[in-house]
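Keep in mind that what you see is a predicted model, and the values were worked out from it rather than measured.
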Amino acid sequence: GITLPAEPKDSVFVANVGKDARQPAFLLCMQLRRSGVKADCDHMLRSLKAQFRYADKAGFRLMLILGWDELNKGIVKLKDMADGFEQEVSLASVDAAVKAKFC
């Protein structure tokens with residue numbers, strides 16, 4: 001029965017798909033935080049669907065999706081939660097792509 005405060009509108013949730021992507025997703029979250037982006041990731045081993053529900057309910061503006069396929073390609077899927085637009089972004093340019101969405 002406790003209502004959690006909504007995340008700021010310039011925040012990012014890093015979702016992971018499968019146990020192999022859990023640590024890289026956490027490291028990506030920490031990288032974003034170091035670059036000044038408000039970011040969080042899943043710590044409860046939720047399914048991807050549950051992570052989407054959480055990110056939507058908590059009010060995250062962007063969601064980054066990282067799974068085994070994305071890791072092998074060196075990309076991450078960036079989804080705008082407001083309009084549903086999704087794009088692939090290289091892991092090397094995630095910081096810039098996220099910051100560009102907030103401007």
In Å and rounded to the nearest 0.5 Å, what is the CG to CG distance from Leu71 to Asp20?
8.5 Å

Under 3.5 Å, side chain of Ser93 to main-chain N/O of Ala96, donor-acceptor pair present?
no

Treat each ILVMFWY residue as a node, draw an edge where side-chain heavy atoms are under 4.5 Å apart, and state whether Leu48 and Met81 are in one component.
yes

Is there a chain of hydrophobic side chains (I, L, V, M, F, W, Y, each step under 4.5 Å between heavy atoms) that links Trp68 to Val94?
yes

Keeping the roles fixed (side chain from Arg61, backbone from Lys101), state whether a donor-acceptor pair exists under 3.5 Å.
yes

When you look at CZ of Phe52, are more than 12 heavy atoms from neighbouring residues, nucleotides or ligands closer to it than 6.0 Å?
yes

At their closest point, which heavy atom of Leu32 faces which heavy atom of Ala39, and how far apart are they?
CB-CB, 4.0 Å

Should Ile75 and Leu91 count as side-chain neighbours, where that means a heavy-atom distance under 4.5 Å?
no

Quick one: are Val76 and Glu70 in side-chain contact, heavy atoms under 4.5 Å?
no

Evaluate the ring planes of Phe26 and His43, with Trp represented by its six-membered ring, and classify them as parallel (under 30°), tilted (30 to 60°) or perpendicular (over 60°).
perpendicular

Measure the NZ-CE distance between Lys79 and Met63 for me, rounded to the nearest 0.5 Å.
8.0 Å

Measure the spacing between SG of Cys29 and CZ of Arg34 and express it to the nearest 0.5 Å.
10.0 Å

Can you check whether Val17 reaches Ile65 side chain to side chain, under 4.5 Å on heavy atoms?
yes

Test your reading of the model: is there a side-chain donor-acceptor pair from Gln51 to the backbone of Arg46, 3.5 Å cut-off?
yes

Asp42 versus Leu45, closest heavy-atom pair with distance
OD2-N, 3.0 Å

Within a strict 4.5 Å, meaning less than it, do heavy atoms of the Val37 and Phe102 side chains meet?
yes

Are more than 12 heavy atoms from other residues, nucleotides or ligands located less than 6.0 Å from atom NZ of Lys99?
yes

Write down the atom of Ala97, the atom of Leu78, and the distance for their closest heavy-atom approach.
CB-CD1, 4.3 Å

Do NZ/NE/NH1/NH2 and the carboxylate oxygens of Asp40 and Arg33 come within less than 4.0 Å?
yes

List the atom of Gly67, the atom of Ala21, and the distance in Å for their closest heavy-atom pair.
CA-CB, 3.8 Å

To the nearest 0.5 Å, how far apart are CG in Leu64 and CZ in Phe13?
10.5 Å

